[in-house]
Amino acid sequence: MGFVRFDAEGAVGIVTIDRPKALNALNSEVLSDLEACFDGIDTNVIRAVVLTGSGDKSFVAGADIGEMSNLSVAEGEAFGKKGNDVFRKIETFPVPVIAAVNGFALGGGCELAMSCDIRICSENAVFGQPEVGLGITPGFGGTQRLARIIGIGMAKQLIFTARNIKAQEALRLGLVNAVYTSEELMVQAKKMADAIAVNAPIAVRAAKKAVNDGLQVDIDKAVAIEEKLFGSCFETHDQKEGMGAFMEKRKEKNFTNS
Ligand code: CAA
């Protein structure tokens, strides 16, 4: 795949957007490559994914402005749908996805990070939704996910003013969970992915689905979703293995996602 690399390190998959000349900006080809990359990940083997950008300057500097500059209304809508479809695929990907934001995460880059389950970033990271300054709205989920993650008032302020924020402010707002030096970022992202990968995959997947699906409905329906997913873990190999290990005071666990 031209613009997206995939590497497996044990049970951790590393997806790297690789278009450094354009600061990893998302044109249609990059979006298609990203989608194909996630479609190709073997989730029988991979238990957590880290998503990052190539180089040390940019995670993703947004959707490709050159490509968007002459779109018609219908083409603009279709481009938004393409991005949204790929990002929903990431958001609902069976195993957790950690965004390791290594620099600019602007527009579609911020939106891509927000479609991941967890965000951590480097000290030089810059987040923002600069779209209104370009005469458009955020179009790959930014108007929806930013408000859900940092709250409506602050999301509207950032979107309407098109102000970029640095890593420490992103941390304070809860947009990222932690800030590391550039050297440490991938080390810590992989460490977190490893910590996820050692747990029962069946339970991690069900927990991701419970959080995601429950947030879309009222609390009565949400706890019912949790009950179903909680129940679905029982009678599985992984549940018997996890509880068996506890009862036997055994540290080693052999989870098989079954
Ligand atoms: N689209 C296309 N090309 C981009 C790009 C983008 N979003 N961001 C950067 N590039 C390209 C530049 O055009 C430049 O290419 P050339 O060398 O061929 O001229 C190259 O990447 C390097 O960029 P700069 O020279 O501008 O680097 P810089 O360090 O001076 O500035 C920057 C970095 C502040 C990120 C600046 O590039 C910038 O402002 N980029 C645009 C950011 C932006 O507005 N993103 C939102 C896009 S709209 C969107 O994403 C819509 C949506 O919601 C779906």
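All figures in this text were calculated on a predicted structure; none of them were measured in a lab. Both counts, for ligands and for their atoms, begin at 1 and track the order of listing.
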Engineer: Look up atom CG in L26 and atom CG in D64, then write down how far apart they are to the nearest 0.5 Å.
Structural biologist: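 It is 8.5 Å, given to the nearest 0.5 Å.
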Engineer: Could you identify which residues cluster with I219, counting Ile, Leu, Val, Met, Phe, Trp and Tyr as linked when any side-chain heavy atoms lie under 4.5 Å apart, either directly or through a chain of such contacts?
Structural biologist: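 Reading the cluster by chain and number, I219 sits alongside V223.
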Engineer: Is it true that F38 and F87 have ring centroids separated by less than 6.0 Å?
Structural biologist: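 No, the ring centres sit 6.0 Å or more apart.
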Engineer: Between E235 and K240, does at least one N-O distance fall below 4.0 Å, as a salt bridge requires?
Structural biologist: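 No.
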Engineer: Under the 4.5 Å side-chain heavy-atom rule for ILVMFWY, direct or indirect, which residues accompany V126?
Structural biologist: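 Other cluster members: L23, F104, L106.
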Engineer: Got the residues with a heavy atom under 4.0 Å of ligand 1, by chain and number?
Structural biologist: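 Close residues (ligand 1, cut-off 4.0 Å): K21, A22, L23, A25, K57, A61, G62, A63, D64, I65, M68, F104, L106, G107, G108, E111, P130, E131, L134, I136, P138, G139, F140.
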Engineer: Between side-chain atoms of residues 95-102 and protein atoms elsewhere (two or more places apart, or another chain), which donor-acceptor pairs fall under 3.5 Å?
Structural biologist:
from, atom 1, to, atom 2, distance (Å)
N102, OD1, T52, OG1, 3.3
N102, OD1, G53, N, 3.3
N102, ND2, G53, O, 2.7
N102, ND2, G55, O, 2.8

